Number of protein chains: 2
Amino acid sequence: MNAFARIETPYTPVTPAIGRGADRLGETIGLAGARMRLERNAEIYGEGDAAEFVYRVVSGAVRISRVLIDGRRQIGAFHLAGDVFGFEPGEEHRFSAEAVSDCEIVLIGRPALLALAARDGELARSLWEHATADLARAHDHMVLLGRRSATEKVATFLLDMAAREGSRDRIELPMSRYDIADYLGLTIETVSRTLTQLESRRAIELTEARRIALRDRGALDRLAA
Amino acid sequence: MNAFARIETPYTPVTPAIGRGADRLGETIGLAGARMRLERNAEIYGEGDAAEFVYRVVSGAVRISRVLIDGRRQIGAFHLAGDVFGFEPGEEHRFSAEAVSDCEIVLIGRPALLALAARDGELARSLWEHATADLARAHDHMVLLGRRSATEKVATFLLDMAAREGSRDRIELPMSRYDIADYLGLTIETVSRTLTQLESRRAIELTEARRIALRDRGALDRLAA
DNA sequence: CGACGACTTGACGTGTTTCAAACGAGGTGG
DNA sequence: CCACCTCGTTTGAAACACGTCAAGTCGTCG
């Protein structure tokens, strides 16, 4: 993980992430961690790398993925501003993490974080919430990857992204069609076709490839099943 | 969750579950929790139910699933003896849990468990390990559900089950073809066809429908990709 | 302006689903 | 003990959604 060469100041503004209360974990990482700036496609860690840190996205987006020997790739999650990632059961990362777009992240050493959590109950609770939220998100994603049509997958994806970006009717996708395809278990062609089909049904509007207006949420909800 | 009517004695033998060390979480649930016996297909909790407990499988198997309005079902995980499940980010269960076969489980109230964990660092650590292990398993499952062929899915499933049952070359599936299909994102027909095809390739042997001998692990490994 | 990367569109092939029927084991009742 | 049912599983034939291969378009950057 050579990207660590570019570590910056150990400070970051805090954005609340989870639930209604303050995000103690985000706050802690922000205050006690190191900040770094990454450019598009920079690797944060690779599969098999030692899991030394826990990360928090300050701005931009990060993808967690695994590639098979034959090149197929599955993206396990996209992490946006406020999300914390890098939780591992062992000493190694089981997926790799890369910057989807230029982004800023903050990281904190696992031992340091665990030591802090041992003394700070609220931090421990926040850590727990982030981890279980990650688990819940993974479960939801599994349901999406199961036997669902391309239309369902794409519609659900768009609604999810809109909700995460603040529920406006105009979303800005940080990721390529390739990323979306690998996230949904489809090919780029199918993703593209599905989007144009959604547009012809008047459910969305594609101004630029990565700028999408949700024109009819009701229709999208119905298609998302 | 009416099944709670059948709570038994607050004791269970301890089987180690994770990593090399003792499984403090399993131990704690076993000692401080209530034990219950469930018969095949009994519901442990439903989607939307209050998440009051954390569960541990003593014997048998449990499935975690979500059903869509149109009846399609996705199984998120099978939990076997030693596994702990029921971790949730909020106050509600996001999936339902049912007994795949007759089984015994132990449960402990979340507040009680968290209180214990706050005072017992080793327990907190064990709790953390189980949760992250669950997350890792979910991630692996996502990779399996992504764009993989039926053969890859089934071969991987068989190898995984063998590993979890103790890596013998003869596995005993507690679940129906229906469960397997919904776990892998396939139909029962495809699962069945794939199994007979694996048998004709001499990779496995189907003595009874749920008794499978792994005849050629090398071949299975190759097919699992 | 030209070249490159990202995206879209088209025609065709195929793996998986769908619909349908048959099979087998286990259980019940005559 | 055999006939008969049921449930889970297997097998077959046909339809279809998505993948594959290939070409074309669009926007961006040098």
Side-chain angles (χ1 to χ4, degrees), chain A residues 39-41 61 63 68 70-74 100-102 144-158 171-201 204-212 223 225, chain B residues 39-41 63 68 70-74 100-102 144-158 172-201 204-212 223 225:
Chain A
E39 48 193 33
R40 202 160 88 89
N41 292 325
R63 64 172 172 258
L68 307 181
D70 61 4
R72 278 173 299 173
R73 179 183 65 160
Q74 177 63 46
V100 166
S101 58
D102 291 353
L144 191 56
L145 286 169
R147 239 146 56 51
R148 312 287 295 272
S149 73
T151 307
E152 288 175 318
K153 287 178 174 180
V154 172
T156 305
F157 172 74
L158 292 177
I171 58 182
E172 186 92 32
L173 298 176
M175 71 288 286
S176 69
R177 295 287 188 269
Y178 221 104
D179 285 333
I180 299 173
D182 288 350
Y183 178 75
L184 296 177
L186 299 170
T187 60
I188 48 170
E189 293 94 332
T190 301
V191 170
S192 182
R193 274 186 254 272
T194 305
L195 284 170
T196 59
Q197 175 197 338
L198 287 177
E199 183 170 41
S200 64
R201 290 196 202 188
I204 63 172
E205 198 161 342
L206 288 158
T207 46
E208 295 168 58
R210 301 197 185 182
R211 271 187 172 286
I212 301 182
L223 292 170
Chain B
E39 47 192 34
R40 204 160 90 87
N41 292 325
R63 64 173 173 257
L68 308 181
D70 61 4
R72 278 174 299 174
R73 181 184 64 161
Q74 177 64 47
V100 166
S101 56
D102 291 352
L144 191 56
L145 285 170
R147 236 145 57 52
R148 312 286 296 271
S149 72
T151 307
E152 288 175 319
K153 287 177 174 180
V154 172
T156 305
F157 172 73
L158 292 176
E172 186 92 30
L173 298 177
M175 71 287 286
S176 69
R177 295 287 188 269
Y178 222 104
D179 285 333
I180 298 174
D182 288 350
Y183 179 75
L184 296 176
L186 299 170
T187 59
I188 49 170
E189 293 94 330
T190 302
V191 170
S192 182
R193 275 187 252 272
T194 306
L195 285 170
T196 58
Q197 175 197 338
L198 287 177
E199 184 171 41
S200 64
R201 290 197 201 187
I204 64 173
E205 199 162 340
L206 290 158
T207 46
E208 297 167 58
R210 301 196 186 181
R211 273 188 169 286
I212 301 182
L223 292 170

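Quick caveat, the model's predicted, so the values are computed rather than measured. Worth knowing before you read on, the calculation uses all heavy atoms, side chains too, and leaves out hydrogens, waters and symmetry mates. Letters A, B, ... are given to chains in the order of the sequence lines, protein chains preceding strands, and every chain is numbered from 1.
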(message) Quick check: on DNA chain D, is the nucleotide nearest Arg148(A) upstream (toward 5') of the one nearest Glu208(A), or the reverse? Name the residue that is more 5'.
(response) Arg148(A)
Detail all sub-3.5 Å separations between protein N/O atoms and N/O atoms belonging to nucleotides 2-6 of chain C.
none

(request) Compare side-chain N and O positions of Arg147(A) against OP1 and OP2 of dT18(C) and report whether any pair is under 4.0 Å apart. (result) yes
(message) In whole Å, I'd like the distance from the CG atom of Leu206(B) to the C1' atom of dG24(C).
(response) 14 Å
(request) Using the test side chain to side chain donor-acceptor pair (under 3.5 Å), find all partners of Arg72(B) that sit at least two apart in sequence or belong to another chain. (result) Glu152(A), Asp70(B)
(request) Could you pull out all residues at least two apart from Glu172(A) that satisfy side chain to side chain donor-acceptor pair (under 3.5 Å)? (result) Arg211(A)
(request) Could you name each residue pair satisfying salt bridge (charged side-chain N to carboxylate O under 4.0 Å, His left out) that touches residues 180-197 of chain B, not counting sequence neighbours? (result) Arg73(B)-Asp182(B)
Results of side chain to side chain contact (heavy atoms under 4.5 Å, CB included) for [X] - residues two or more places apart only:
X         : answer
Arg177(A) : Leu173(A), Ile180(A), Ile188(A), Val191(A), Leu195(A), Leu206(A), Ala209(A)
Ser200(A) : none
Thr190(A) : Ala150(A), Leu186(A), Thr187(A), Thr194(A)
Asp102(B) : Glu39(B), Arg40(B)

(message) Tell me which residues in residues 183-194 of chain A lie within less than 4.0 Å of DNA chain C, going by non-hydrogen atoms.
(response) Glu189(A), Ser192(A), Arg193(A)
(message) Below 4.0 Å from chain B heavy atoms, what is the first contacting nucleotide of DNA chain D and what is the last?
(response) dG8(D) to dT20(D)
(request) Taking the side chain as every heavy atom from C-beta outward, state whether Met175(A) and Ser101(A) have any atom pair closer than 4.5 Å. (result) no
(message) Are Gln197(B) and Val154(B) packed together at the side-chain level, in the sense that at least one heavy-atom pair is separated by less than 4.5 angstrom?
(response) no
(message) Would you compute the distance between atom CG of Leu198(B) and atom CD1 of Ile204(B) and round it to the nearest 0.5 angstrom?
(response) 4.5 Å
